Amino acid sequence: MRLSRFFLPVLKEVPGEAQIVSHRLMLRAGMIRQEAAGIYAWLPLGHRVLKKIEQIVREEQDRAGAVEMLMPTLQLADLWRESGRYDAYGPEMLRIVDRHERDLLYGPTNEEMITEIFRAYSRSYKDLPKLLYHIQWKFRDERRPRFGVMRGREFLMKDAYSFDLDEAAARMSYNKMFAAYLNTFQRLGLKAVPMRADTGPIGGDLSHEFIILAETGESEVFCDARLVEMGAPGLDLDFDGDLQPVVDARTALYAATDEMHDSARFEAETPAEHRVSARGIEVGHIFYFGTKYSEPMKAVVTHPDGQDRPVHMGSYGVGVSRLMGAIIEAHHDENGCIWPESVAPFGVGIINLKAGDAETDQACQDAYDALTLAGKEPLLDDTDARAGGKFATMDLIGLPYQLVIGPRGLKEGKAEVKVRATGERHELSLADAVARLAEGAFS
RNA sequence: CGGGGCGUAGCGCAGCCUGGUAGCGCAUCUGCUUUGGGAGCAGAGGGUCGUUGGUUCGAAUCCAGCCGCCCCGACCA
């Protein structure tokens with residue numbers, strides 16, 4: 001992409017409403033525009049990142065054996081009356097009436113709908129297990145939206161739903177999502193720690209929040225440092241095998257959000273040098289809820305013994321749009337964003353220091369073509385802005401690498417590669433710089 | 001939903017207390033000079049002061065309602 005054709009409205013001054021760093025940087029880098037409280041337009045740069053995050057989430061769901069579908073944003077109120085949640089949900093639910101005076105709602109989640117879909121087609125234990133997901137916009141009319149996209153009213157969410165014969169089988173579905181989430185967040189450049197969450201009236205041990213540690217996190221968390229450093233199981237994990245050891249390894253050590261925190265247990269179970277108390281951002285939540293919806297909504301299957309029983313369900317959410325804020329919270333400096341390569345809106349930023357100079361233009365064009373061919377998705381700053389501004393903008397939008405090309409260096413056939421994360425600069429021949437960027441040698 | 005605050009040019013703000021027809025910085029446009037880390041000079045354009053009503057000879061300024069937004073708290077992917 002050429003910057004001259006792109007739409008990148010960067011802000012030198014920070015709009016006053018933004019308090020936390022990810023919100024400020026997203027506004028400054030021209031990634032989002034607020035249209036109403038908690039409702040944002042995704043400008044081209046932000047949209048590119050959003051799509052990359054979404055795609056990684058999708059790939060890891062698919063790898064775990066979940067099946068993608070897409071449910072509508074608008075739902076019939078009658079569906080929610082079946083589960084009793086239409087009245088229970090309160091003003092957080094956005095209610096809409098259509099021209100026929102039918103009650104609709106903009107879905108805050110999809111348990112009812114997926115249960116309705118499942119029950120319409122499934123009759124036998126032979127239809128189980130099933131693991132379905134979609135990635136769709138949700139709306140929750142938060143009393144107080146804040147932190148930009150981290151707590152918006154409209155948000156993009158991946159939600160998966162599992163259907164199993166009994167709790168033991170449901171645990172296997174749960175474990176698949178548990179492992180898939182670890183891989184997902186690792187690919188996104190995040191260290192996510194699973195923390196035991198409140199299971200409410202269901203009870204049991206099958207609910208975890210996935211929390212990333214960040215100074216600006218919304219809630220206080222406590223955990224064992226060894227948990228933070230524990231890697232993900234890896235993309236070669238056999239999701240059809242026994243995943244219990246994977247889960248056990250990550251649930252043996254202490255980790256709790258403040259509402260589940262027990263300081264006596266924390267001190268008893270965790271040596272002082274491993275105790276971490278920090279702030280965290282919830283980016284995922286997995287939950288087994290048994291027959292909470294299948295029973296009132298009559299989603300039953302016939303078991304081998306001939307008896308009909310409600311299916312055991314779980315739901316598994318990832319806040320896709322929220323993740324963008326979380327990633328920036330985890331990866332930024334005073335100059336701007338520092339995108340992990342996996343989600344960077346462009347792979348390399350090429351800075352033409354003297355647009356209009358025939359030789360420099362040509363060198364930039366050649367580098368651009370070569371990097372495009374190598375799949376690096378370069379962004380070429382071909383505008384006639386001053387050098388200082390170009391450097392500042394490139395740092396702000398946080399592309400992992402910058403290739404700086406100007407007439408002064410070109411006289412000796414040289415160009416400069418800057419690694420955004422570390423700030424280190426390499427002066428090399430232009431051909432070398434392009435070749436090394438193409439092969440990912442600076443990673 | 002309780003408590004607090006703010007709406008004046010695209011963005012950041014001053015002016016309001018003590019009423020007299022609007023200003024600063026950045027951005028934008030023009031010209032010249034500059035040109036390797038957010039340039040300099042000169043000039044120009046841009047605002048029914050959130051909105052409705054009231055008080056007044058006169059309202060950005062005082063009063064009331066409404067709308068929008070932000071912060072702290074309680075609640076949530």
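Just so it is clear, the structure is predicted and the values come from calculations on it, not from any experiment. Quick note on labels: first sequence line is chain A, next is B, and so on, each numbered from 1.
- Comparing B:rC76, B:rG37, B:rC72 against the side chain of A:Glu218 picks out B:rC76 as the nearest.
- B:rC70 and B:rU30: their P atoms are spaced 36 Å apart (whole Å).
- Under 4.0 angstrom from either OP1 or OP2 of B:rA77 there lies no side-chain N or O belonging to A:Arg322.
- Comparing atom distances between the A:Phe391 side chain and each of B:rA77, B:rG37, B:rC11 picks out B:rG37 as nearest.
- Rounded to whole Å, the separation between the C1' atoms of B:rU28 and B:rC66 comes to 35 Å.
- Using a 4.0 Å cut-off, no side-chain N or O of A:Gln34 falls inside it from OP1 or OP2 of B:rG68.
- Comparing B:rC1, B:rG38, B:rG12 against the side chain of A:Lys12 picks out B:rG38 as the nearest.
- Checked against a 6.0 Å centroid threshold, the rings of A:Phe346 and A:Phe6 count as neighbours.
- Taking atom CG of residue A:Asn352 and atom P of nucleotide B:rU35, one finds them 17 Å apart after rounding to whole Å.
- Atom P of nucleotide B:rA39 and atom CZ of A:Arg386 are separated by 5 Å, given to the nearest angstrom.
- Salt bridge status for A:Lys52 with A:Glu377: present, with a side-chain N to carboxylate O gap under 4.0 Å.
- Across the P atoms, B:rC6 and B:rC16 are found 14 Å apart, a figure rounded to whole Å.
- Aromatic ring orientation, A:Phe185 versus A:Phe210: tilted (interplanar angle from 30° to 60°).
- In summary, A:Glu359 and A:Lys354 do not engage in a salt bridge, as defined by a charged side-chain N under 4.0 Å from a carboxylate O.
- For A:Ala392, counting side-chain heavy atoms from C-beta on, the closest listed nucleotide (B:rG36, B:rG38, B:rA74) is B:rG38.
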